[in-house]
Each structure stands twice: as C-alpha cells, then as structure tokens.
2 protein chains.
Amino acid sequence: MGIHEVAKRAKVSTATVSRTLNKPETVDPETAKRVWKAVKELQYLPNTTARSLVSGSTRILGLIVSDITNPFFPEVVMGLEDVAIREGYEILISSTNYDLARMAVCVRRMLERKVDGVAIMTSELEKHLIDELDRRNVPMVFMDVGPVTANISNVRIDYGQGINEAVQHLLALGHRRIGFLSGPLDLKSARIRRTAFLRGLARFGVIEDERLVQAGNHKIDGGLQAMTHLLALAEPPTAVLASNDLTAFGAMRAVRLASLRVPEDVSIIGFDDIQLAEFTEPPLTTVRLPRRVLAERAFEALATHINAKKAGTPTRGAEYVVGTELVVRGSTAVMRERR
Amino acid sequence: MGIHEVAKRAKVSTATVSRTLNKPETVDPETAKRVWKAVKELQYLPNTTARSLVSGSTRILGLIVSDITNPFFPEVVMGLEDVAIREGYEILISSTNYDLARMAVCVRRMLERKVDGVAIMTSELEKHLIDELDRRNVPMVFMDVGPVTANISNVRIDYGQGINEAVQHLLALGHRRIGFLSGPLDLKSARIRRTAFLRGLARFGVIEDERLVQAGNHKIDGGLQAMTHLLALAEPPTAVLASNDLTAFGAMRAVRLASLRVPEDVSIIGFDDIQLAEFTEPPLTTVRLPRRVLAERAFEALATHINAKKAGTPTRGAEYVVGTELVVRGSTAVMRERR
DNA sequence: CTGTTAGCGCCTTCAT
DNA sequence: ATGAAGGCGCTAACAG
C-alpha cells in the first residue's frame, strides 16, 4: 500500500512511480504504462499526508463561520466545496458559535492543521486572532466582514444594488412610509446592511423617520418583535424591508398576528433569499445574495494568494465584489389606502 | 518553527521536546518547564501533518451527507464538530448531492486524506463503494441508513417511539382518519419512515386506507402537492402526519390554499423538528429527532472502532439507538365535526 | 529517461 | 531522565 510496492511490482524505482504520477511527461510511455498497471492492480492511492509533509502544502482550506446552523451558510459551504474539490482542495469547516473563545480554538485548529488558506465569515473576528494567522503567513480572505489589508483580500457584497432595486420596487408600488428591520447592531455585518438601507432610502428622497427603523436579531423571533413595534406606531409603515429573510419571516408572522395581511396591508421584503423564502405564505419578495458566487470569489482570492506565495511573489490583498438583486415574489403589492 | 528550534532553545534534544508534549510524565519537571518556556516563546505549534505521518493516524473523521443544504444536516454537522474537536479530531464533510458519481468522489477523498473513520448519512449508498472503504479497513458508521455488518456500526433511529406518541396524540384529540405524507419512496430512509408510520397506525387499530398515504419528496413543494391530493378525497383525513418537517410545511400551505385552517380543520404533525418548525404559523407539532445525540452516538461508534483497531483488537459492528419524541405545538387540535 | 539519496517534521525504540 | 538514530511515505535534486 505504499509507493514502494508499486515500484517493486512495476520493476522501477519509487522515484519513477512518483514521476509518472506527478510529471508524466518526464517518463517513458512504456515505463509509465507498467507503472499505471501496477497502480491499478494494487489500487494504490497516494498518501496525502506524506505528500503534504514534503510539499509543505496540505491542500486544505479553512472556513470559519459563526454558526453552520444558520440557513445562510450551508449554501456557501456547498459552493466552496464544489469549487475546492474541483481544484483538489478540501475544506475544513469550523464554527465559532458567536463565541470569542471558540474563535480562538478555530484559529488554532487552522494553524495546527496547516491549512493553505482561510476564508472567514464570522461576525466576531478579533484583530488579535487575525493577526496571529497573518503573522504565520496564512493567506486569508474575508467574506463581507473585513477590510482589505496588505495581505488579506475581501469579498465585498454590494448591498446597495439590491437595496436600490427593493426601494424602487416599493416606491413604484406607491409606498412612501417604509420601515427597516435591522439585525443586531453589535454585529458589523448588520450595521453594514443598515447603513446601506438608510443610504438607499435617502437616495430616493424618502423621508427618514427614525422610528421606522427597528432592531431585530436576525432570527425569526427578533423580526416578530421588531415588526410588532412598528405596527404599534401611530403611523405604521405600509412596507418593510428586513435585514435578512428570517427577520422577514418573523415580520410576516407579526403582521398576521395583528390580524393584517401580507401583502395587502403590509408589503415585506427580505434579504439573502434563503431556500425557504420561496415557500413561505406568501412567497417572500427578497434581495438575493448569491452565496455560491460569494464562495467562488472567496476561493479565487485564496487561490491567488496561495499561488503567489508559492511563487514567492506575495500579492497584496484585493477586493472582489458580489452584487445583489431583487427577486420579486408574493409578499409585496400595491399600497392600499390606510385602513 | 520546528521541534528542532524548540529543542535548541531549551537546550535539550528533539526527543525530549516531543516527550514533554506527548508524555509529560516521563520527563523531569525542571526540564519540562524549560521546554514549555521555549514552546511559548517560539509560539510553537506541532505540525499535525508530520505527526500523522509517523503515527499513521490523521485524526480526521469523514462525514458523508447527501446535501448539506438540507436543513436536517447542519445540526448533525455541528453536533459532530463539537464532540470531535473535544477529542482532537477534525471533520471532513463531503456532499454527494444525491449523485452516485459524486458519492464515488467522496469516498476517494476520504481514502486519499486517510481519514481515521467515516460516518455516512446519505440515501444513495452503493455497496460497491462501502466495500471499498471496508476493504481498506476504514472504520465506518451508518447514521440511520445502513445495516450493521461485521465491521460497520449503525446508529438506528427509533421512529416507532415518536410515531406512537404522535398517533396517540391524534387519537386523543378525536382523530380517526389520519393521513400520511411520505418522502420519495426510492429513498430507503423514506421507506423506513413510511413503514414505521403504518406500523404505528396498525398498533392502535386505526383502519388503514391506502388512499390516505401520499408520497411527497421531502421538500415543501412535494408536501403541498401530496396534501392537495388528500384534501381532494371524498373523505379527506382530519389529521396528517408528514415524513419530515418540510413536507409538513408544504401540507400546511396546501390546507391554507384550500381555504381551510390549521389546526382547526386539519391537524398536522411533522417529523425531525428542524429549527424553523418552531416558527411557522402555527408552530408545528412534530416528532423530534435529536440530531445532536445522533451525532454523538456516531462519534462514539467511530471512536470505539478506531481505538479497537489501534489496539489490534478489531470490534464487530454494533447498533446504537436514538429515540424520538413528540413535541406538541400549535398545528394539532381537537377534531372538529365534518364541515 | 531512470535510480540513488537526502530530507520534510515528528515520534520512538534503544542505549546511556 | 535524556540523547542518538532510524523511519513514517513521498518528492526533488543529482548523478548516471
């Protein structure tokens, strides 16, 4: 089960076996044929561990997320897995559970396993830990959570694009009082979304009313609560954007609990376009964040860094952008006269 | 950054460094202290790859699932990750996408990465591929999808328990015409659930009416369709069990589309208890399948095999059982007189 | 084109 | 209790 057995059986040296496997052009076709035959017969599979030891490259990519249980992440994971295996990489996933101590564990795991690069998509990233990775020269890419730095790339999400479409959509339907249900504002990603939303409204000259912005927690119950607040206003909004789809789900529920209807009484737009968005009642109009593309860009960024590092010409961090777009479904409708 | 530097700085041999790290009791406390100091100062982290090469153990566990995007899986992944890292293992996830060719890729990846064991939770497992893993002596555990064999353990899910509770619950509410929405019957796991359901009904003497059993696809749209069929019956059921929660979601939607209400007109019970089940309108009564426990048992099984293998006393496959239990929420109610 | 040799970083006898 | 030396499986010079 080693390269040695193959060599013996093919009556060549181990070096030749290694060569036929890795640099086929440098070996005589006839010899190669014998080697391949032996490989097949022995069902030989190269030992990745040994390979890594000598090459200095594990061909493992780390992915740090907050919580794999969040419906947002699995699709990113799958996207990354797809592109990674195509290029001969494996993905090592680790979850921080929104916990800083656990984040430290994640980083340590990455370091011990000597991953070739790390993609980071968590809310709670401590500079301290990032620096540790940086100091050890591990290529990194942030997925919408960090700044571009000397060595670190970032895949930025262009929230503005989708949000503009969403606002225009509501405007076209006659809505003027538009609310926003943000995520938890201690999370940077949530703040970014909130800013993008406010900017989007401003761009179209919609009067900004602070009371129309409520904070949720990016989960269903938070959306429900936040929306309930909005509904209790003297002049409640006729349409609402949510910072993510789960929040929108909660909002829809709040509307229903208030004996109102979506979209007849209140239009609701979500964000992310998770799989379930298509299947709520009514189906959720939402801004799609193409997570597969996000994953692909992240891989691209990492691959660039890794290759540059291998070639001895370290690249500076770069910024990649992923757009967003409105997906119109059933939770938005023409504004009705006030009840 | 190698054990060598540490040795030099602590003025000991590399062997001693290795010992203080792995068998602290065999080294003089004073020497150990010096070594630890050097380790700290150099921020030394052992190279897992090199370690693996000599120990023959990668401390990586493979997990093969059909589709990480399915809301059922993430919690299993997280559960496995939690227990695994506690024991110093990493998880290598790979998705088959319900595709046999891709399944082969997964197996190959596991083999090349020399994982210490593999947990399998897919519908489409080809004997051929399992045999390959078996032949190479890779410890395996099926998670509710396979038989116990000489070398392979299985974590069986006791569907009966939860289903009995569900049926009793409905019976107690006065329901007698109880429908079942199965998963796609070409999937073994779906067939198992179906069988368990039919057996559960039989146990309580509920007349079995074939027309009350409809096949979905374990997704929302399938549940919607299947339920629509049931609703179109001359004598539609007053209560329905679904093979999984997504199917139940679809069923709820079908009820609503038929201008009926859950639970007033039709009671619905799901299966799995995915996170979202708590947040539908009304919240879904469902049978909980404790996925964390499932993951823990799977790890336990693998660890047992691995340790036995290391000790040179291979264990036979064993069966572990995970129970299920009814979680009563808002989608079930007392049967109403026929409308 | 192919074989020999020397590590990659670590662990583990075997002496001391 | 510690050090020296060999080897895990493979690749990369360097000869031939």
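By convention in this document, chain letters (A, B, ...) are assigned in the order of the sequence lines, proteins followed by strands, and residues within each chain are numbered from 1. Excluded from the calculations below are hydrogen atoms, water molecules and symmetry mates; all remaining heavy atoms, backbone and side chain alike, are included.
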Charged N to carboxylate O below 4.0 Å: is that the case for [X] and [Y]?
| X | Y | result |
| --- | --- | --- |
| A:Arg102 | A:Asp67 | no |
| B:Glu30 | B:Arg34 | no |
| B:Glu5 | B:Arg9 | no |

Measure [atom1]/[X] against [atom2]/[N] and give the value in whole Å, please.
| X | N | atom1 | atom2 | value |
| --- | --- | --- | --- | --- |
| A:Leu21 | C:dT2 | CG | P | 14 Å |
| B:Met1 | C:dC8 | CE | C1' | 11 Å |
| B:Lys33 | D:dT2 | NZ | P | 13 Å |
| A:Tyr44 | D:dG9 | OH | P | 10 Å |
| A:Arg34 | C:dC1 | CZ | P | 14 Å |
| B:Glu30 | D:dT2 | CD | P | 10 Å |
| A:Leu53 | C:dA6 | CG | P | 18 Å |
| B:Lys11 | D:dG3 | NZ | C1' | 16 Å |

Any idea which of [options] is nearest the [X] side chain?
| X | options | value |
| --- | --- | --- |
| A:Asp28 | D:dT2, D:dG9, C:dC1 | C:dC1 |
| B:Ser18 | D:dT11, C:dC11, C:dC14 | C:dC11 |
| A:Ala15 | C:dT4, D:dG3, D:dC10 | C:dT4 |

Can you name the one residue among B:Leu92, B:Thr48, B:Asp116 that meets side-chain contact (heavy atoms from CB on, under 4.5 Å) with B:Ile60?
B:Leu92
Take A:Glu112 and A:Arg109, measure what salt bridge (charged side-chain N to carboxylate O under 4.0 Å, His left out) needs, and give me the verdict at the end.
CA-CA 5 Å; A:Glu112 287 186 346; A:Arg109 290 208 271 154; over 6 Å; no
Phosphate contact (C:dC11 OP1 or OP2) by B:Asn22 side-chain N/O below 4.0 Å
yes
Strictly below 4.0 Å: does B:Ser13 bring a side-chain N or O up to OP1 or OP2 of D:dT2?
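No, outside the criterion.
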Tell me what B:Lys23 touches on the nucleic acid: a base, only sugar-phosphate, or nothing, going by heavy atoms under 4.0 Å.
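It contacts sugar-phosphate atoms only.
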Does A:Thr26 reach a base, just sugar-phosphate, or nothing at all? Heavy atoms under 4.0 Å.
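Base, at least one base atom sits under 4.0 Å.
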Which residue lies toward the 5' end of DNA chain D, B:Pro29 or A:Arg51, if each is placed at its nearest nucleotide?
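It is B:Pro29 whose nearest nucleotide is closer to the 5' end.
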Please tell me which of A:Val17 and B:Val54 maps to the more 5' nucleotide of DNA chain D, matching each residue to the nucleotide holding its nearest heavy atom.
B:Val54
